[in-house]
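Lettering follows sequence order; numbering is per chain, from 1.
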There are 2 protein chains.
Amino acid sequence: MTDTAKPRREQILDSASRLFSERGYHATSMRDLAGDLGMQGGSLYAHISSKEELLIEIVNQASRQFDEALFTLRAEAMPADQKLREAMYRHIRVVADNMDSATVFFHEWKHLSPEAYARVTGWRDTIDAFYRELITQGVQEGTLRADLDIKMTAYLVLSAVNWAYTWYRPGGSLAPRDVAEQFADMLLGGLRAPTGAQP
Amino acid sequence: MTDTAKPRREQILDSASRLFSERGYHATSMRDLAGDLGMQGGSLYAHISSKEELLIEIVNQASRQFDEALFTLRAEAMPADQKLREAMYRHIRVVADNMDSATVFFHEWKHLSPEAYARVTGWRDTIDAFYRELITQGVQEGTLRADLDIKMTAYLVLSAVNWAYTWYRPGGSLAPRDVAEQFADMLLGGLRAPTGAQP
DNA sequence: CCTACCGATCGGTAGG
DNA sequence: CCTACCGATCGGTAGG
């Protein structure tokens, strides 16, 4: 344990996440990636078997992070508005803490081969289902408005938490918790002023 | 006017939008594109000068559509909540009516050469500014909540209207107007039930 | 992990 | 708009 360096394979995945997110999967060559790690192109294949393996692993790791963050919430007994707030926080935290792989996840999953592609599609459905269940629970409880369209409400929430990958800047003045609290306040309470002041 | 076919150059741009959005810019070869149009790879260069020219034109056309939709709203005198509703409708309509080029716009602009890249970055700032002004106006008028953080509110609205490119399906049961009305209702009125019913 | 290389494919051009 | 081609670069491999 005196060696503080990450295993070479993890370094490769980190570099790949960064380069794929900046330039895109197809525009990043294996020689670009090797150069970023200070080695020759062919040397990468001592650690990995193919370029697509890297993409698959990056996307899988991102999926797993979302899963771990959200699905532990499923069982918890909590009013739905509070649960929605917590889900948004966890979701945004995953995006914010993994900006590179989240960007790869949102942009490059279409380039996966059919099996991996289908897995991602299926996974996205489970995330949709998670939010729809949560909102349905809220409507049934009476904490959320009775006239909500469940599907559209889930899209709206997912828009807010996913789109963060385009504008969030780690290390800035906003922590993931701040973003989530503000978004949840606005979504739950609405943007319109309480008094319908008409001059 | 007896010829109903589009000019060849427009056909090329349409095919390019579709292929770039499905497979990505770098994963689409000029031979793929030519094949989609029933011609040989080299023949494309009778109509265009380079692959990047196609990307630039697709991105520029998309920007122009957003501009035309939104900036005509700027001058209109209208309560800010209503103006926000109308802006969301127009924004979503541009996305919905141009799913391919909107997808290319959101995913592939990073692959532009420095000058075109900088132009897109600058353009995005003007869209941000448009929404921030609109929200500021609403706060000053009293139609929107006084405690809103302008920047975060603009991000939330932009999330909702932009993320539609990932899930909207033209020809489905939801027209752009429906999406915009539902999103605006939820955003303005909030998701929480009016009566704080606590059993 | 490097050197040297493979066949395939890339964007683009010349000449017709 | 086609044929035939250019140099460059791609992902990946063999042998050390």
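Put simply, CD1 on Ile48(B) is 7 Å from P on dG12(C), counting in whole angstrom units. Following rounding to the nearest Å, Leu54(B) (CG) and dG11(C) (P) show an atom-to-atom distance of 11 Å. One can place CZ of Arg31(A) at 7 Å from P of dG11(D), the figure rounded to the nearest angstrom. We find that NE2 of His26(B) is positioned 16 Å from C1' of dG11(D), with the value rounded to whole Å. If you take CE of Met30(B) and P of dC2(D), they are 14 Å apart, rounded to a whole angstrom. Atom pair Ile12(B):CD1 and dC1(D):C1' shows a separation of 11 Å (rounding to whole Å applied). Between the CD atom of Gln40(B) and the P atom of dA14(C) there is a distance of 19 Å, given to the nearest Å. Regarding Glu52(A), its CD atom lies at a distance of 13 Å from the P atom of dG11(D), rounded to whole Å.
If you check dG11(C) for Watson-Crick or wobble pairing at under 3.5 angstrom, you find it paired to dC6(D). Checking dC1(C) for Watson-Crick or G-U wobble geometry (two distances, each under 3.5 Å) identifies dG16(D) as its partner.
If you check every strand for non-hydrogen atoms under 4.0 Å, His47(B) touches sugar and phosphate atoms only.
Of the residues Lys83(A), Arg90(A), Gln82(A), the one that meets the side-chain hydrogen bond (donor to acceptor under 3.5 Å, both in side chains) test with Glu86(A) is Arg90(A).
Positionally, the nearest nucleotide of DNA chain D for Arg8(B) lies more toward the 5' end than for the other of Tyr25(A) and Arg8(B).
OP1 or OP2 of dC10(D) has at least one side-chain nitrogen or oxygen of Ser29(A) nearer than 4.0 Å.
In terms of modelled atom types and a separation under 3.5 Å, the side chain of Asp32(A) and the main chain of Ser29(A) share a donor-acceptor contact. Here the side chain of Asp149(A) pairs a donor or acceptor atom with the backbone of Met152(A) at under 3.5 angstrom.
With rounding to the nearest 0.5 Å, the separation of CZ in Arg8(A) from CG in Leu13(A) is 12.0 Å. Note that OG1 of Thr166(A) is 8.5 Å distant from CG of Leu158(B), once rounded to the nearest 0.5 Å.
Side-chain atoms of Tyr45(A) lie closest to dG12(D) of the nucleotides dC1(C), dG12(D), dG12(C). The side chain of Met39(A) lies closest to dC1(C) when the candidates are dG11(C), dG12(D), dC1(C).
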